[in-house]
Each structure stands twice: as C-alpha cells, then as structure tokens.
Amino acid sequence: MELQKALDITPEEFFDQVETSVLNDIEEACGKTVTRGQLAGFSYRKLAQGSRAGTPMKVKIRKYRYPELYEVKFTYDAGSNTITYRVERTEGGCLLTYSERFVLAQRNAGLWASLTLKRYEMRSKRRAERTIAAICRRAHTLRQDG
C-alpha cells in the first residue's frame, strides 16, 4: 500500500515528530537512550500495542536519513510489516510518500492469507491517514507554541 500527501509543514518538522516518537518508543521498550546518529540499523524487541496488545515483535530501523527517509521493519510470528516515510521538500511544505508492506509468515498460506492481507490493507490506509494527521497536528502545535 502506498499513498502520497502534500503537507503544509517542513520536512524537518515532520521528521522531528517521527524521531521523537521513535526515540520514546526505544526508551520505553528497552530503557536505552539513543541518538539520531544511532537510529539507522538499530534493532530492539517490544510488545505490540493495539488490538493484538502483548504480541512480541522485533523492530529494526532499516534506514534513517533525517529529514528525508525513515524505514522500519516489524517482525512477529504472523509475519512482517515494513513502513517507509519518504519526504521531499516543496514550496510551502513537503510531499510525503508513505508505503507499507505486510508479508505473512510462510506457514500462513492459502485463502486465509488472502483474506488476512486484504483486511490488513484496508485497515492500514486508515491508520496511516490518522498517524500522518496526528504528526501534522503536533508539528503545527509546536510551531504555534515556539
């Protein structure tokens, strides 16, 4: 699944919010404080939140180039999910390309897999839209407060 959105915030404002969220997640999950320079290639384990709360997962930040690219892979028993934020500067803001790819574990095949992937794709677009809107709201709030 891929979507593009024109945002009225700068790439730096967008990535400041993403980075804050990632650093907080790492600290909460494993008690480590890391820097921006340590993010690319960083891996850690955590428990999933949401409808399948408590599901153990491995998180690997595959790529991180501030303020243009963030790619993370979540791996759990059911499969893996790779999310990418790619940002390009535009006049008055930025263009975000968001992509998400879910791959079921090998043992999950057949009709069940097709139905699961279809349902996941429908939910992932709505979740992505909500996440991006929340990032923009936080960036606007910081801009007004700053």
Side-chain angles (χ1 to χ4, degrees), residues 1-108 113 116-146:
M1 189 272 301
E2 183 174 297
L3 65 91
Q4 283 194 325
K5 286 192 75 73
L7 306 177
D8 64 349
I9 59 175
T10 67
E12 292 81 7
E13 289 172 320
F14 181 84
F15 264 81
D16 286 346
Q17 297 308 306
V18 170
E19 187 174 293
T20 297
S21 178
V22 170
L23 294 175
N24 288 339
D25 191 53
I26 292 169
E27 188 168 348
E28 185 176 308
C30 54
K32 292 184 180 179
T33 302
V34 297
T35 64
R36 176 183 293 166
Q38 296 171 303
L39 288 176
F42 191 84
S43 294
Y44 61 102
R45 295 189 179 278
K46 67 180 244 175
L47 297 178
Q49 299 174 344
S51 63
R52 303 179 104 199
T55 302
M57 70 169 62
K58 180 182 177 190
V59 181
K60 173 148 179 120
I61 301 169
R62 297 173 67 175
K63 298 175 186 174
Y64 189 79
R65 285 194 313 266
Y66 178 93
E68 59 191 54
L69 177 66
Y70 171 65
E71 182 176 287
V72 62
K73 183 176 183 178
F74 302 95
T75 306
Y76 26 81
D77 288 344
S80 66
N81 188 27
T82 303
I83 295 173
T84 304
Y85 291 108
R86 192 176 302 273
V87 177
E88 298 173 44
R89 188 176 307 280
T90 62
E91 184 151 340
C94 63
L95 178 66
L96 168 68
T97 302
Y98 174 94
S99 62
E100 187 168 345
R101 182 166 180 254
F102 182 68
V103 178
L104 286 170
Q106 277 298 83
R107 63 175 166 39
N108 298 322
T116 300
L117 285 173
K118 192 60 123 176
R119 193 176 92 216
Y120 184 83
E121 285 177 7
M122 291 181 347
R123 288 181 179 174
S124 67
K125 185 171 183 179
R126 286 192 304 263
R127 185 180 59 249
E129 293 277 357
R130 285 192 308 267
T131 300
I132 293 164
I135 289 169
C136 290
R137 277 193 306 275
R138 285 193 307 265
H140 283 124
T141 299
L142 288 175
R143 184 188 293 169
Q144 291 171 352
D145 292 346

_Derivation of the side-chain contact (heavy atoms from CB on, under 4.5 Å) call for Tyr44 and Asp25_ = CA-CA 10 Å; Tyr44 61 102; Asp25 191 53; 2.4 Å; yes

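- Tyr64 and Glu19 form a side-chain donor-acceptor contact under 3.5 Å, judged by distance and modelled atom types alone.
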*Take Tyr76 and Asn81 through the side-chain contact (heavy atoms from CB on, under 4.5 Å) test and state the conclusion after the steps.*
CA-CA 9 Å; Tyr76 26 81; Asn81 188 27; 3.5 Å; yes

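- Across Asp16 and Thr20, no two heavy atoms sit closer than the pair O-OG1, 2.8 Å.
- Ring pair Phe14/Tyr85: centre-to-centre distance below 6.0 Å.
- A salt bridge is defined here as a Lys NZ or Arg NE, NH1 or NH2 lying under 4.0 Å from an Asp or Glu carboxylate O, and Glu2 with Lys125 fails to meet this definition.
- With 3.5 Å as the limit, one finds a donor-acceptor pair spanning the side chains of Gln38 and Thr35.
- Summarising the geometry of Leu39 relative to Val34, their closest heavy-atom pair is CD2-CG2, 4.0 Å, with the distance given to 0.1 Å.
- Closest approach of Val87 to Pro11, counting heavy atoms only: CG1-CB, 3.6 Å.
- Between Tyr98 and Ile83 the shortest side-chain heavy-atom distance falls below 4.5 Å.
- Put simply, OG on Ser99 and CD on Gln4 are 10.5 Å apart, with the number rounded to the nearest 0.5 Å.
- Atom-to-atom distance recorded for Glu12:CD and Glu68:CD is 10.0 Å, nearest 0.5 angstrom.
- Across all non-hydrogen atoms, the minimal contact from Gly54 to Leu47 is O-CD2, 3.4 Å.
- Looking at Lys32 and Glu27, no side-chain N of the basic residue comes within less than 4.0 Å of a carboxylate O on the acidic one, giving no salt bridge.
- Contact of the Glu88 side chain with the Cys94 side chain is not registered, since no non-hydrogen atoms from C-beta on lie closer than 4.5 Å.
- Checked for salt-bridge contact, Glu28 and Lys46 miss the test: no charged N lies under 4.0 Å from a carboxylate O.
- Separating the CZ atom in Arg138 from the CD1 atom in Ile9 is a distance of 9.5 Å, to the nearest 0.5 Å.
- Nearest heavy atom pair, residue Arg143 against residue Asp8, reads NH2-O, 3.3 Å.
- Considering CZ of Arg45 and OG1 of Thr75, their distance stands at 9.0 Å, rounded to 0.5 Å.
- We find that Lys5 and Glu129 are joined by a salt bridge, their nearest charged nitrogen and carboxylate oxygen being less than 4.0 Å apart.
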*Could you go through the side-chain contact (heavy atoms from CB on, under 4.5 Å) check for Val18 and Ile135 one step at a time?*
CA-CA 7 Å; Val18 170; Ile135 289 169; 4.0 Å; yes

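- Across Ala128 and Leu3, no two heavy atoms sit closer than the pair CB-CD2, 4.2 Å.
- Considering CG of Leu7 and CG of Leu95, their distance stands at 7.5 Å, rounded to 0.5 Å.
- Shown here is Arg36, whose CZ atom has more than 12 heavy atoms of other residues, nucleotides or ligands within 6.0 Å.
- Interatomic distance, Gln17 CD to Ile132 CD1, rounded to the nearest 0.5 Å: 13.5 Å.
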*Any chance you could lay out the side-chain contact (heavy atoms from CB on, under 4.5 Å) test for Tyr70 and Ile61, step after step, and finish with the verdict?*
CA-CA 8 Å; Tyr70 171 65; Ile61 301 169; 3.9 Å; yes

